Amino acid sequence: MMDNLRAASNHVVLKIILGLIILSFVLTGVGNYLIGGGNDYAAKVNGHEISRAELEQGYNNERNRQQQMLGDQFSQLASNEGYMQQMRQQALSQLIDQALLDQYIKDLHIGISDEQVKQAIFNQKAFQTNGKFDNAKYSGLITSMGFTADQYAEALRKQLATQQLINAIANTDFMLKGETGKLVDLVSQQREIRQAVIDVNALAAKQSASDEEVSQYYQQHQNSFMAPEQFRVSYIKMDAASLQENASEADIQSWYDQHKADYSQPQRNRYSVIQTKTEADANAVVEALKKGEDFAALAKSKSIDPISARKGGDMGWLEPNTTPDELKNANLTQKGQLSGAIKSSVGFLVVRLDDIQPEQVKPLAEVHDAIADKVKQEKAVDAFYKMQQKVSEAASNDNESLAGAAQASGLKVAETGWITRDNLPADLDFDQVKQAIFNGGLVGQNGAPGNNSDIISVDGDRAFVLRISEHKPEAVKPLDQVKAQIVDTLKHDKATQQAKAQADKLLADLKAGKADALQAAGLTLSASKSFDRNAQDPVAQSAFNLPQPTDNKPSWGVSEDMQGNVVLVALDKVSAGNMPQAQIDEMVKGVTQNNAQIAFEALLENLRKEAKIKYGAAAQNQ
């Protein structure tokens, strides 16, 4: 079967097949199987070498994955040498784990049949159109990727074997019915509670704070009263959109003439093929067709290419860059025209030209408005860059102000009030602008105004030049500005301590059986309310840490609510709740998957302990 697959990778149908599949595996790491070479190695795992090329590929795969996931944030991480070193070590660790798994799979004699490999190839969604194989995709990509079917099949075989091992581990964990029932009872449990609230704010209103206490708190917590660094910024904003002018008809016609290929679809041909092993078989097919036999029926019965045969030989629409050479060289120019026997690398072909779609060019009238927009945008961009050049030169020549830059651009200088990192005006809210303002490079000595900035480009079509006109460094706020805040904090802290002490005393009295303790303290219990474990209320959550009530007496505890009040909690009743079967199934699935993950990690750990792993210069020199 694999001989057939190797042959299929070269014939005219499967020349449109494996590229995207291979690409997807290269990007996710399976392509590492196909990478070899290098004068040194990154590591040896029980004698198996992991090459430097494999390590570089794995590192680049992880780098690309994180860059796609994190976007602009990745550039900051990439500048951290320690972080990138950690990423490289992670890539090497993954390669070592994969090598250990490959060896373990071999020891277990886990095998993947040729048929399984073939079906995995045919089932790849990346190579399907509307759920079916798209021959054009296969043909165009196998050539451009430069891989053979053998290489890809071997990589896929290893991937499938690894997945089979993982599935075997994951599917061995289970929960007994009794275990499930107890877990359901625990998770769905409900508790009925009553609450008595000690109002901390009411107690705080009765507290006082002396000047000595305020001063001492201020001295001990000065880091909490820092005034952030502040700036006043002068700037000129340049925007390409504001420079757009109308496009002349001559400009539009010139653009259209220069970019006509952008509005054209090349000629497309639709072919059908029948592939045979021998020239005699191909000639027999030609004779049968000349006698009037149906091409599609012959393709299904005679063609040795399983993919095109299922479609009656139909190859679909092909453009010149996706048409195999065998079809081009047939020199078929008229619809219905039939070739003779064509020799190919895998046998012989009989080809029919089914249909022709001539080259189509959209007329100027149809694309006139779109081209006008492009011309306007190009002119605006040209003017935009010329303005940037003028402003840059003027800002450099007159570094004491933005007056020269304003004159060169014809734009006004804007001024901000005092700003910090937390209240930047929307007009300046760009990462590049923030960095220029807050990195200290534009501030002169002793906080004096410094130089004009360079041109700062943002979003591709806007730019700024700016200067710091005034600067205040970070400093501790004076006591008179924060005294009221400190007094409120001290009074609230004292009230909280008083409330907790009162709660602890009441808790001791209630546990001792003094039923009138709450009434004597002027507190009342709320009506009973039931909560489950999903409740977000911190008081309700604390109730699940209390012991179950006994002898028809509540179980007591102390908590705090979301307003910061101290709360006495009476747990009156614990009862079992209900859980839908679908939720039970999901819970069991989650537990078993977690156990399977633990088992898999334990397997890898044991394989590492028993393995002989030697790190080479390629890894040690990173």
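These numbers come from a predicted model, not from an experiment.
Atom NZ of K434 is separated from atom CD1 of I419 by 11.0 Å, given to the nearest 0.5 angstrom. Rounding to the nearest 0.5 Å gives a distance of 3.0 Å between CE of M84 and OH of Y59.
Remark: side-chain polar atoms of D305 are not paired, donor with acceptor, to backbone N or O of Q275 under 3.5 angstrom. T489 contributes a side-chain N or O that, together with a main-chain N or O of Q485, makes up a donor-acceptor pair within less than 3.5 Å. Side-chain atoms of S396 come within 3.5 Å of backbone N or O of S392 as a donor-acceptor pair. Between the side chain of S409 and the main chain of A405, a donor-acceptor pair closer than 3.5 Å is present. Between the side chain of T162 and the backbone N or O of K158 there is at least one donor-acceptor pair closer than 3.5 Å. Side-chain atoms of T416 come within 3.5 Å of backbone N or O of V233 as a donor-acceptor pair. Remark: side-chain polar atoms of N60 are not paired, donor with acceptor, to backbone N or O of G58 under 3.5 angstrom. Q481 contributes no side-chain N or O that, together with a main-chain N or O of P478, makes up a donor-acceptor pair within less than 3.5 Å. The backbone N or O of Q334 sits less than 3.5 Å from a side-chain atom of Q337, completing a donor-acceptor pair. Under the 3.5 Å distance criterion, the side-chain polar atoms of S234 are left unmatched by any main-chain donor or acceptor of R467.
Listed by chain and number, the residues in a side-chain contact (heavy atoms from CB on, under 4.5 Å) with P473 are H471 (sequence neighbours excluded). By the side chain to side chain donor-acceptor pair (under 3.5 Å) test, S264 is found to be paired with no residue, residues two or more places apart in sequence or in another chain being considered. Every residue two or more places apart in sequence or in another chain was checked for a side chain to side chain donor-acceptor pair (under 3.5 Å) with K44, and none qualifies. A search for salt bridge (charged side-chain N to carboxylate O under 4.0 Å, His left out) contacts involving D488 returns nothing, not counting sequence neighbours. Taking the side-chain contact (heavy atoms from CB on, under 4.5 Å) definition, one finds that Q407 meets it with nothing, sequence neighbours left out. For R421, the side-chain contact (heavy atoms from CB on, under 4.5 Å) criterion is met by F438, not counting sequence neighbours. Partners of R462 by salt bridge (charged side-chain N to carboxylate O under 4.0 Å, His left out), not counting sequence neighbours, listed by chain and number: D459.
Evaluation of the salt bridge (Lys or Arg N to Asp or Glu O under 4.0 Å) test over residues 384-402, restricted to residues two or more places apart or in two chains, returns none. Identified under the salt bridge (Lys or Arg N to Asp or Glu O under 4.0 Å) test for residues 222-239, with sequence neighbours left out: R232-E470, K237-D427. Annotation: ring pair (Phe, Tyr, Trp, His ring centres under 6.0 Å) contacts involving residues 235-261, sequence neighbours excluded, comprise W255-H259. Within the structure, ring pair (Phe, Tyr, Trp, His ring centres under 6.0 Å) contacts touching residues 367-424 (residues at least two apart or in different chains) do not occur. Legend: salt bridge (Lys or Arg N to Asp or Glu O under 4.0 Å) pairs involving residues 363-375, not counting sequence neighbours: none detected.
Counting all heavy atoms, side chain and backbone alike, K477 lies closest to Y218 at O-OH, 2.7 Å. In terms of heavy-atom proximity, A436 sits nearest to I456 at CB-CD1, 3.5 Å. Residues N399 and N452 approach most closely at OD1-N, 2.8 Å, considering heavy atoms.
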*Start with the C-alpha gap between V482 and Y217, add the side-chain angles, then the distance that decides, and say whether side chain to side chain contact (heavy atoms under 4.5 Å, CB included) holds.*
CA-CA 11 Å; V482 297; Y217 188 93; over 6 Å; no
_Intermediate values then yes/no, side chain to side chain contact (heavy atoms under 4.5 Å, CB included), I437 and I468_ = CA-CA 7 Å; I437 294 173; I468 306 299; 4.1 Å; yes
*Test side chain to side chain contact (heavy atoms under 4.5 Å, CB included) on L364 and I371 and set out the steps.*
CA-CA 9 Å; L364 176 59; I371 292 178; 4.0 Å; yes
_Check against salt bridge (charged side-chain N to carboxylate O under 4.0 Å, His left out), E56 and R88_ = CA-CA 8 Å; E56 288 303 315; R88 189 180 296 275; 2.7 Å; yes
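Contact check for V487 versus V214: side-chain heavy atoms found under the 4.5 Å cut-off.
Side chain to side chain, Q86 and Q90 fail the donor-acceptor criterion of an N or O pair below 3.5 Å. Side-chain contact of T420 with N423: a donor-acceptor pair under 3.5 Å is present, judged by distance alone. A donor-acceptor pair shorter than 3.5 Å cannot be found between the side chains of Y271 and E326.
Look at R268 and D355 and you find no salt bridge, because none of the NZ, NE, NH1 or NH2 atoms lies under 4.0 Å from a carboxylate O.
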